[in-house]
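Accompanying notes for the structure given below.
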Amino acid sequence: MVTSGQAEAGRWAGDVEIDDPYGIDDELRYEDGFDPDAEIEPDPEYAATLAPDPATQRRERVGPTGRPMPRFPAPRPALEHGPAKIIAMCNQKGGVGKTTSTINLGAALAEYGRKVLLVDFDPQGALSVGLGVNPMELDRTVYNLLMERGVTIEDILLKTITPGMDLLPSNIDLSAAEVQLVTEVARESALSRALKPALSEYDYVIIDCQPSLGLLTVNALTAAHSVIVPLECEFFALRGVALLTETIEKVRERLNPDLDLDGILATMYDARTVHSREVLARVVQAFGEQVFHTVIGRTVRFPETTVAGEPITSYASSSVGAAAYRQLAREVLARCPVA
């Protein structure tokens with residue numbers, strides 16, 4: 001967690017410099033003739049979604065959240081993998097960007113040399129669809145892994161088009177598990193037991209939770225080491241955060257004492273609207289440094305990637321959305337290192 005003293009000193013974990021709030025120079029190098037101190041404005045379309053006055057924001061070296069913006073350098077590829085850190089992408093409100101963030105954060109982490117396993121833990125199967133899988137054509141899914149003896153992760157594991165990123169798919173069958181698990185012993189730990197054999201092979205396991213606080217979500221929180229809460233910059237999305245944090249605290253007290261809140265991720269942000277700016281300001285006021293510095297702006301590219309069935313990092317590699325999720329991946333690597 002960043003303290004005010006660290007921010008003033010211009011340092012964060014790992015000597016991260018406060019610089020470049022838009023990540024403009026992250027993909028550039030000195031040998032390309034790039035001057036990192038030159039006054040270069042970010043892409044105007046992207047800047048408009050993040051700051052009402054991007055030139056002023058750059059000069060003051062603050063990010064969209066109004067705090068000093070660390071620069072997260074690109075990490076070196078991991079030479080060894082595991083044990084994995086399990087992250088639950090959780091919010092009981094639907095349509096806030098959980099699935100989009102799971103896919104694109106996972107793909108960006110894989111680009112940086114991490115092995116990533118995505119777990120579709122929503123009966124709607126949105127994560128599977130977003131990666132080009134037809135859930136209705138699957139013979140075995142996460143449901144079979146949870147409920148049938150002898151079914152292993154290898155039996156249902158699917159490779160994605162992103163090297164280093166795998167998927168445990170889901171479909172509507174998973175909705176039956178919520179009913180059937182009620183009579184099971186240690187029902188809240190079913191997912192944790194199922195994932196345990198694979199943890200040594202991956203660096204990160206990201207669980208895409210369903211938009212509710214039912215037994216499946218409790219399973220995901222019990223299995224996870226930490227939680228990322230995608231939050232649409234909209235008032236009704238903000239209202240549910242208190243209930244979610246209360247649920248996280250109950251799971252920590254009763255089932256999983258190691259569960260942490262890694263951060264709240266602002267999504268669908270558009271600083272051209274007063275409402276988005278006000279909601280983001282209230283989130284930062286309430287949660288402080290638990291809010292990620294990276295903010296995901298609105299772009300038409302995200303719906304297009306769903307139709308294409310691939311991450312934005314490969315579908316539109318040079319887009320502002322891809323740049324945002326690469327920055328998020330670097331921030332996650334700094335905030336949430338593998339144990």
Side-chain angles (χ1 to χ4, degrees), residues 13-14 72-91 97-122 127-128 130-131 142 145 153-154 156-170 191-209 217 219-230 248 256 258-265 267 292-294 296 310-314 322 324-339:
F72 305 101
R76 295 180 179 179
L79 300 178
E80 299 179 353
H81 301 290
K85 181 182 179 71
I86 304 176
I87 300 175
M89 197 72 68
C90 185
N91 192 327
K98 291 189 299 295
T99 301
T100 298
S101 295
T102 300
I103 292 172
N104 295 304
L105 172 59
L109 288 169
E111 277 191 359
Y112 289 127
R114 272 54 182 180
K115 284 200 67 177
V116 180
L117 176 64
L118 304 185
V119 181
D120 190 347
F121 215 53
D122 183 352
L127 179 64
S128 303
L131 288 170
V142 170
L145 181 65
I153 286 179
E154 288 74 19
I156 67 170
L157 188 74
L158 299 178
K159 299 291 183 181
T160 71
I161 67 168
T162 303
M165 185 171 77
D166 300 332
L167 169 69
L168 296 183
S170 173
L191 180 61
S192 179
R193 294 192 299 269
L195 293 178
K196 189 174 181 180
L199 298 185
S200 61
E201 301 177 21
Y202 294 92
D203 298 305
Y204 287 91
V205 175
I206 308 178
I207 306 171
D208 183 29
C209 300
T217 299
N219 256 269
L221 294 176
T222 303
H225 299 112
S226 60
V227 185
I228 292 177
V229 181
I248 293 171
N256 184 4
D258 297 326
L259 183 65
D260 291 320
L261 176 61
D262 275 339
I264 294 175
L265 174 64
T267 63
F292 281 99
H293 289 276
T294 304
I296 309 299
E310 61 180 291
I312 196 171
T313 51
S314 59
Y325 275 106
R326 289 188 183 106
Q327 176 167 299
L328 176 63
R330 296 195 295 270
E331 185 169 0
V332 166
L333 287 166
R335 281 179 179 252
C336 325
V338 177

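When reading the values below, keep in mind they use all heavy atoms of this one structure, side chains included, and skip hydrogens, waters and symmetry mates.
- To the nearest 0.5 Å, atom OG of residue Ser226 and atom CD1 of residue Ile248 are 10.0 Å apart.
- Contact between Ala224 and Asn256 at its shortest, heavy atoms only, is O-ND2, 2.6 Å.
- The heavy-atom pair separating Arg114 from Ala78 by the smallest distance is NH1-N, 3.6 Å.
- Val119 has its side chain within reach of Val205: a pair of non-hydrogen atoms, C-beta onward, lies under 4.5 Å apart.
- In terms of modelled atom types and a separation under 3.5 Å, the side chain of Glu331 and the main chain of Phe292 share no donor-acceptor contact.
- Closest heavy-atom contact between Val116 and Gly106: CG2-O, 3.7 Å.
- Heavy-atom minimum distance, Cys90 versus Val227: CB-CG1, 3.9 Å.
- Counting heavy atoms from C-beta on, the side chains of Leu191 and Ile207 come closer than 4.5 Å.
- Scanning all heavy atoms of the two residues, the minimum distance from Met165 to Ala110 falls at CB-CB, 4.2 Å.
- For Asp208, the side chain to side chain donor-acceptor pair (under 3.5 Å) partners two or more places apart in sequence, or in a different chain, are Thr99.
- Counting only heavy atoms from C-beta outward, the side chains of Thr160 and Leu118 never approach each other to under 4.5 Å.
- Each of Leu117, Leu145, Leu167 was scored for a side-chain contact (heavy atoms from CB on, under 4.5 Å) with Leu157, with one residue passing: Leu117.
- With rounding to the nearest 0.5 Å, the separation of CD1 in Ile228 from OG1 in Thr102 is 8.5 Å.
- Considering OG1 of Thr222 and CZ of Arg193, their distance stands at 10.5 Å, rounded to 0.5 Å.
- A donor-acceptor distance shorter than 3.5 angstrom exists from the side chain of Asn91 to the backbone of Pro230, with no hydrogens or angles considered.
- Remark: the backbone N or O of Phe121 is not paired with any side-chain donor or acceptor of Ser170 at under 3.5 angstrom.
- In this structure, CG on Asp258 lies 11.0 Å from CD1 on Ile86, to the nearest 0.5 angstrom.
- Counting heavy atoms from C-beta on, the side chains of Leu131 and Thr162 never come closer than 4.5 Å.
- For the pair Lys85 and Tyr204, the cation-pi test (distance below 6.0 Å, angle within 45°) is failed.
- A donor-acceptor contact shorter than 3.5 Å is absent between the side chain of His81 and the backbone of Asp203.
- Between Thr217 and Cys209 the shortest heavy-atom distance is OG1-CB, 4.4 Å.
- Side-chain N or O atoms of Glu111 include none that pairs as donor or acceptor with a backbone N or O of Arg326 at under 3.5 Å.
- With hydrogens and angles disregarded, a donor-acceptor distance shorter than 3.5 Å links the side chain of Asp120 to the backbone of Asp122.
- Summarising the geometry, atom NE2 belonging to His225 is positioned 7.0 Å from atom CG belonging to Leu199; distances are rounded to the nearest 0.5 Å.
- Under the 4.5 Å side-chain criterion, counting only non-hydrogen atoms from C-beta, Tyr325 is in contact with Thr100.
- Counting heavy atoms from C-beta on, the side chains of Leu265 and Leu105 never come closer than 4.5 Å.
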